[in-house]
Amino acid sequence: MDHLTNPKDARMHKALADKLKRVEQRARERAIRERAKFFGLQIHPTASVEDDAPGREPGDRNWVGFGFDIHPQVTVFSAFFLLVFIVLTLMFKQAAAEFFAAALHFITSTSGWFLVLATNLFIVAAAYFALGKFGQIRIGGADAEPEFSTLSWYAMLLSAGMGIGLMFWSVGEPITHFGTPSPMFGHLEPGTPEAAQAAMGVTYFHWGVHPWAVYAIVGLGLAFFAYNRGLPLTIRSIFYPLLGERIYGFWGNVIDILSVLATLVGLATSLGLGVTQINAGLNYLLGIEISVSTQVILIAGITAIATLSVMAGLDGGVKRLSQWNMILAGVFLLFLLIAGPTVFLLSGFTQNLGYYLTIFPEMSMWTETFRGTNWQGSWTVFYWAWWISWSPFVGMFIARISKGRTVREFITGVILIPTLLSFLWMSVFGGSALYLQGTGGADILSVVGEDVAKAMFVMLDALPLAGVLCTVAVVLVTVFFVTSSDSGSLVVDHLTSGGKLDSPTGQRVFWALMEGAIAAVLLVGGGLTTLQTAAVSTGLPFAFVLLIGVYAQWVGFSQEIYVEEAVEKAVRSAEEEHVLQQAVNQAVEGMQ
């Protein structure tokens, strides 16, 4: 231990540390000046890897007053477009319903191929970022520590990312495909074992790697540019390598306005699906009428509850609700696994996973080219557009809770873990439904044709403690509704406040109310078809934005790696030089 107390050695170590610190700073500044210039869409290279917004603070040009702290252009134009949409839809309900149906068919039949291609490109980009040299970059810097435990992180990812969708479609989708198999599989006879296998394969496909890759790409870009480059936590910041300071001007405003619209419409789609399922559950339990008016009243009531969670903040509201809900969902899942055909469900999980991996390449690129059908319009294309429209919301929320993770850890966690949990959920619920349908335990197929929101409750009715299970299901969907609304209002608040993380609570409450209003209007304007049209209409243009964003991330990561490698080389060289100098000094001292 002498070397720790020797004053001479202590001075030498301190001198070395000070020297390396100075070398690191000079090397970083030099690397920033000398790194390769990127062309293409880029206007000018960034000024610093530490802070790309010197002299700027998030929301420094906001309008402040009356309990609001808003970015004027983004907020005003977003609110204007949304209010015009709400007013026109309510004034012309019948015309709106017809328009939405026609728009859905046109968009999906002419642009479905693009959404299919774009979503696959997001998977390729995510894999490239995670498995290559960029994987070592840490969100928030080399010394950053995670703010949440890994378990809490996963719970928040799954609860905010797909909660309502998993509840709504876990029974309805496999049963629908069982009765009407996808044309990709040829002419499968409905109701056969082959149709059951195809049904689970398609369901896995829609809830697997593709949606989480979209979320991962958006969340990663937001987290990197916010925590590593000192930019506001808004979508516009991803484009800094391409637009430079212009992200604070017109084009940045356009990007954030599109992000707000996509987020609110994607959320409204999920909330609309969720409330129809809550209505179906209450009809089963209490005999409450299934109608649009009932669903609008439910939206109003649950949105009011969501405002309480909004007021509690991220730690007190979203985090706690997500944890409680995931515990309840886990118990629910375990009960069905034990009370149902356990061996059948576990065997199905294994077989379905293998089948998914088998059909993954073909189904990922399948576009119905030679069939002249539009099955994908209501399924794959709708899903991909829905995930893309959700991506600002989920991506920003993931970014907000992911500081301290490496790029590799981030992408692996965001894609693989939630995907496997989604697969397990779908295998238990979808597998139970298929088992009951195939053995005559329940006629779920005929109910799905009438109202897919009833599917889960018909399945639960055939199991022990049906009343308790249906009550739990209603509670789960309700809490998923609340956490989605809560998280969504937090994200929209970031976007409309110039990236501020501490904007007024009343402002978040306003956006929570707006989400509920849009969901109600979409239901009034045509139900499920309108919800699907809204998601596709916003997801399509936003896909273009995200593809450009992938390139911007590559530019940003390349700049980061170049600087860090240059700094590491300079520090290592200085350290070697120091060691050599010490050896020379000791040799000289020994000769004297």
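Please read these numbers as outputs of a predicted model, since none were measured by experiment.
His206 and Thr380 are linked by a side-chain donor-acceptor pair at a separation below 3.5 angstrom, with hydrogens and angles left out of the test. Judged purely by distance below 3.5 Å, without hydrogens or angles, the side chains of Trp386 and Thr269 never pair a donor atom with an acceptor atom. Side-chain atoms of Tyr383 and Glu173 include a donor-acceptor pair closer than 3.5 Å. Side-chain atoms of Thr294 and Ser291 include a donor-acceptor pair closer than 3.5 Å. Judged purely by distance below 3.5 Å, without hydrogens or angles, the side chains of Ser182 and Trp366 never pair a donor atom with an acceptor atom. No hydrogens or angles considered: a donor-acceptor pair under 3.5 Å links the side chains of Gln197 and Asn352. Defined by atom type and a distance below 3.5 Å, a donor-acceptor pair is missing between the side-chain atoms of Asn279 and Thr276.
Residues Leu121 and Val550 fail the side-chain proximity criterion, which asks for heavy atoms closer than 4.5 Å. Within the 4.5 Å cutoff, no side-chain heavy atoms of Val214 are placed close to those of His210. Residues Val218 and Ile235 meet the side-chain proximity criterion, which asks for heavy atoms closer than 4.5 Å. Leu271 places none of its side-chain heavy atoms less than 4.5 Å from the side chain of Val275. Contact of the Leu282 side chain with the Ile290 side chain is not registered, since no non-hydrogen atoms from C-beta on lie closer than 4.5 Å. A heavy-atom distance below 4.5 Å is not found between the side chains of Met184 and Val202. Between Thr176 and Trp379 there is a side-chain heavy-atom pair separated by less than 4.5 Å. Side-chain contact between Ile398 and Val394: present, with at least one pair of heavy atoms (C-beta onward) separated by less than 4.5 Å.
Note: Trp212 CH2 to Ile217 CD1 = 14.5 Å, rounded to the nearest 0.5 Å. The CD atom of Glu368 sits 6.0 Å away from the CG atom of Asn374 when rounded to the nearest 0.5 Å. To the nearest 0.5 Å, atom OG of residue Ser402 and atom CD1 of residue Ile411 are 11.5 Å apart. Here the CZ atom belonging to Phe393 is positioned 11.0 Å from the OG atom belonging to Ser391, to the nearest 0.5 angstrom. Taking CG from Leu285 and CD1 from Ile278, the interatomic distance works out to 12.0 Å, rounded to the nearest 0.5 Å. Here the CD1-OG1 distance, from Ile107 to Thr533, works out to 7.0 Å after rounding to the nearest 0.5 Å.
The environment of Phe85 atom CZ is dense: over 12 non-hydrogen atoms of other residues, nucleotides or ligands sit within 6.0 angstrom. Enclosure of atom CH2 in Trp375 by more than 12 non-hydrogen atoms of other residues, nucleotides or ligands within 6.0 angstrom is indicated. For Phe114, the CZ atom sits in a packed shell: over 12 heavy atoms of surrounding residues, nucleotides or ligands are nearer than 6.0 Å.
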#### Entry: Audit row: Phe382, Thr108, side chain to side chain contact (heavy atoms under 4.5 Å, CB included) steps and yes/no
CA-CA 8 Å; Phe382 159 63; Thr108 55; 5.9 Å; no
### Task
Under the side chain to side chain contact (heavy atoms under 4.5 Å, CB included) rule, what do Phe457 and Gln277 come out as? Steps first, then yes or no, please.
CA-CA 9 Å; Phe457 301 103; Gln277 192 171 34; 3.8 Å; yes
### Task
Begin from the C-alpha positions of Met200 and Tyr355 and carry the test side chain to side chain contact (heavy atoms under 4.5 Å, CB included) through to its verdict.
CA-CA 9 Å; Met200 290 306 300; Tyr355 187 69; over 6 Å; no
### Query
Between Thr150 and Arg405, does a side chain to side chain contact (heavy atoms under 4.5 Å, CB included) hold up when you go through it step by step?
CA-CA 10 Å; Thr150 301; Arg405 313 283 173 180; 3.5 Å; yes
### Task
Output, in order, the C-alpha distance, side-chain angles, deciding distance and verdict of ring pair (Phe, Tyr, Trp, His ring centres under 6.0 Å) for Phe344 and Phe349.
CA-CA 9 Å; Phe344 175 85; Phe349 172 74; over 10 Å; no
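Side chain of Glu515 to backbone of Leu267: no donor-acceptor contact under 3.5 angstrom is found. Judged by distance alone, with hydrogens and angles left aside, the side-chain atoms of Thr192 form a donor-acceptor pair with the main-chain N or O of Glu189 at under 3.5 Å. With hydrogens and angles ignored, the 3.5 Å screen pairs no side-chain donor or acceptor of Ser389 with any backbone N or O of Gly539. For the pair Ser109 (side chain) and Phe106 (backbone), a donor-acceptor distance under 3.5 Å is present. The backbone N or O of Ile238 sits nowhere less than 3.5 Å from a side-chain atom of Gln553 that would complete a donor-acceptor pair. A donor-acceptor pair under 3.5 Å is formed between the side chain of Asn120 and the backbone N or O of Val116. Proximity of a side-chain donor or acceptor of Gln437 to a complementary backbone N or O of Ile175 within less than 3.5 Å is not detected. Checking side-chain atoms of Ser427 against main-chain N and O of Leu424 turns up no donor-acceptor pair under 3.5 Å.
In plain terms, the two heavy atoms of Ala268 and Ile518 that are nearest each other are CB-CG2, 3.5 Å. Thr303 and Ile299 get closest at one heavy-atom pair: OG1-O, 2.6 Å. The two residues Val474 and Gly281 come nearest to each other via the heavy atoms CG2-CA, 3.8 Å. Nearest heavy-atom pair, Cys470 versus Leu460, reported as atom, atom and distance to 0.1 Å: SG-CB, 3.9 Å.
Ring centers of Phe410 and Phe129: at least 6.0 Å apart, outside the cut-off. Between Phe122 and Tyr215, the ring center distance fails the sub-6.0 Å criterion.
Of the options Phe360, Trp169, Phe423, a ring pair (Phe, Tyr, Trp, His ring centres under 6.0 Å) to Tyr204 is made by Phe423 and by none of the others. Applying the ring pair (Phe, Tyr, Trp, His ring centres under 6.0 Å) test between Trp384 and each of Phe205, Trp207, Phe542 identifies Phe205 as the sole match. The side chain to side chain contact (heavy atoms under 4.5 Å, CB included) with Ile257 is formed by just one residue from the set Leu261, Ile255, Val260; it is Leu261.
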